[in-house]
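Input: a single structure, listed below in structure tokens.
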Amino acid sequence: MNGIIEGKITAVKQHNNREEKSQILQAKAGRWERILVILRKSKARFIPEILVEKLLMLSAVVSIMALLLISVFIFSRGVPLIASVGLGDFLFSLEWKPIQGKFGIGAMFVGSLLLTSASLAWAVPLGLLTAIFMAEIAPPPVGRIMTRMVSLLAGIPSVVYGFFGLVIIVPLIRNYLGGTGMSVLAGAIILGIMILPTIINISRDAIQAVPLVYKESSLALGASHYQTIGRLILPAASSGIITAVVLAMGRAIGETMAVVMVTGNAAIIPDSLLAPLRTMTSNIVLEMGYAAGDHQAALFATGAILFIFILLLNLLLNFIRRAGKRYAGN
Amino acid sequence: MYSEKLRRVGSFIILGLLLLALVFTSACSKNLSEPESGVKNGGNDELQGSITIAGSTSVQPFTEVLAEEFQSKNPGVKINVQGGGSSQGIETAISGAADIGASSRELKDEEKKAGLKETTIALDAIAIVVHPSNRLGELKMEDVRNIYLGNIANWKELGGADAPISIVCREEGSGTRGAFEEIVMNKQDIFAKSLIQNSTGAVRTTVAGDKNAIGFISLAAVNQDVKALKIDGVLPAVDNVKNGSYKISRPFIYLTRTASDNKIADSFIEFVLSDEGQNILGNEGAISIK
């Protein structure tokens with residue numbers, strides 16, 4: 001076999017050396033090189049095409065440089081302070097008195113996690129059930145209308161959510177449940193509404209991506225529609241659903257404006273759902289206006305911790321996707 | 001093929017370097033422009049050049065109005081007004097990054113040693129505000145302190161309605177909070193569970209929306225949405241601040257280096273202290289020192 005192929009190659013080589021060269025080029029090079037090779041053959045179009053190519057490359061370089069500059073800047077400003085305070089103290093100390101030189105973001109760290117879990121706790125079940133309804137139960141026209149409404153929900157600016165929370169949710173909590181109204185609960189309600197579209201859209205796509213054959217086989221075996229959904233469709237779509245939850249978690253941790261407006265921002269670990277709390281993002285946006293020196297460095301350090309946090313979430317996401325692919329492959 | 005690759009890598013590096021150079025030049029041009037400021041005072045009466053004023057965001061809006069007026073009188077002068085906060089204002093005045101630093105708090109001892117000339121341009125008072133429906137019209141300074149320490153948690157302890165007090169407060173680093181801590185709190189820590197809002201407007205909105213709330217804002221920012229309380233029997237009003245009977249007040253200070261000889265900065269401060277400058281300050285809501 002090999003001998004025959006080699007013989008053929010030599011024949012081609014002898015036949016047309018130039019053609020062979022360009023073939024090797026095409027095989028070796030990536031997409032852009034291949035396009036370039038084709039372009040070289042038509043010289044008239046060459047100049048404008050190379051301009052476009054440079055423009056595209058410039059855009060890519062600019063966005064990568066932006067990422068690099070931002071990370072270098074955040075870490076160069078933040079890391080020295082973390083080093084001088086000590087990572088453990090910075091992350092877990094509950095004393096945040098930057099003017100007196102006490103930099104502990106423990107309360108904010110817990111605050112971010114607490115608020116995120118509180119909002120996920122109600123938004124994930126609700127979003128998942130909505131997604132199941134839209135994908136499996138609702139008649140197609142209803143599903144389409146709901147899809148549009150959910151994307152509308154995703155398009156509302158976060159400051160509008162915050163304002164809604166401040167004017168409607170906070171007074172409701174104050175009048176009916178007590179406290180000041182600016183609380184974990186208000187934050188969790190607003191944040192939960194904000195992450196609903198992410199959960200609904202991605203888990204609905206995952207559910208719809210489950211092959212119809214699975215469903216038909218299950219029904220043919222005598223399982224009811226609800227048994228099919230619970231025992232077959234949901235497990236098959238599980239990696240997509242987990243992706244939805246992790247993405248929603250990322251959105252919840254990063255959200256700032258709406259959270260600042262409704263959570264009261266006291267730098268303490270809340271002792272009830274009606275107590276105020278401060279997240280890491282709120283901490284930055286609240287104090288950046290007046291911070292100077294070490295105080296400012298501490299805010300950058302808060303940003304660095306957030307950055308690492310989001311990075312870890314993204315890694316987790318990649319891991320889940322790969323695991324999901326393996327699962328689907330089997 | 002190979003040279004193609006090399007060229008590509010090369011242009012990547014060049015682009016990167018260009019971007020870096022751009023960042024550096026923009027950073028350097030700031031430094032380069034500094035010595036220029038105030039130097040070009042060619043004629044005797046015609047001022048030419050630019051100065052930078054940075055610091056307290058409480059002073060910033062006043063400085064902006066004053067600078068606008070000053071620039072229309074001296075067309076050759078450009079005044080850059082920046083915020084950053086009192087601490088940064090003091091810092092930049094010391095380092096020389098700004099020609100005038102603005103502070104809305106008294107200088108700390110170590111800051112006083114740095115060779116700065118302080119000029120008080122106006123006064124500002126901090127009003128303690130509650131919801132208009134609050135029965136109380138007056139508090140003792142000590143009561144205010146105890147509320148903000150968390151020792152008094154219910155309005156009925158002060159003769160008001162039986163309702164928990166919602167404490168509203170500014171964020172760490174704010175000049176208003178700094179002044180409040182110094183004058184009212186005797187530097188004791190503010191109750192950790194108090195709500196934090198990061199602007200005067202946000203504090204006022206929060207107090208206006210919560211009938212159990214108490215907050216502190218600049219006197220100039222008091223309007224009909226909130227009720228300003230008498231403190232130790234004295235109403236927060238311009239006259240009471242000027243004659244010193246209303247105690248919760250603070251100075252607006254311009255800082256210049258004693259060593260530097262900047263004609264534009266000097267004549268700007270002179271303008272601010274003139275009757276015209278003080279009138280502008282008064283109209284904008286600060287309390288003139290005259």
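Labels below follow one simple rule: chain letters A, B, ... track the order of the sequence lines, proteins then strands, and each chain is numbered from 1.
With a 4.5 Å cut-off on non-hydrogen atoms, B/Q88 touches chain A through its backbone and its side chain both. Both the backbone and the side chain of B/S174 come within less than 4.5 Å of a heavy atom of chain A. When heavy atoms are compared at a cutoff of 4.5 Å, A/A267 approaches chain B solely by way of its backbone atoms N, CA, C and O. Contacts between A/P171 and chain B at a heavy-atom distance below 4.5 Å are absent for every atom of the residue. Looking at A/V167, there are no atoms closer than 4.5 Å to chain B (heavy atoms on both sides), in backbone or side chain.
Across all their heavy atoms, B/A192 and A/A266 have their closest contact at O-CB, 3.3 Å. Closest approach of B/K193 to A/P276, counting heavy atoms only: O-CG, 3.7 Å.
Here A/I99 contributes atom CD1 and B/R177 contributes atom CZ; the two are 8.0 Å apart, rounded to the nearest 0.5 Å. Rounding to the nearest 0.5 Å gives a distance of 10.5 Å between OG1 of A/T263 and CD1 of B/I196. Taking OG1 from B/T206 and CE from A/M261, the interatomic distance works out to 9.5 Å, rounded to the nearest 0.5 Å.
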Pair B/E171-A/N265, side chain to side chain contact (heavy atoms under 4.5 Å, CB included): steps then yes or no:
CA-CA 9 Å; B/E171 80 284 5; A/N265 307 316; over 6 Å; no
Would B/D210 and A/M182 count as a side chain to side chain contact (heavy atoms under 4.5 Å, CB included) if you check the C-alpha gap in whole Å, the side-chain angles of each, and the deciding distance to 0.1 Å?
CA-CA 10 Å; B/D210 182 351; A/M182 294 197 172; over 6 Å; no
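Chain B forms the most heavy-atom pairs under 4.5 Å with one residue out of A/H295, A/K97, A/Q100, and that residue is A/K97.
Crowding of B/F191 atom CZ: a count of heavy atoms from other residues, nucleotides or ligands under 6.0 Å exceeding 12.
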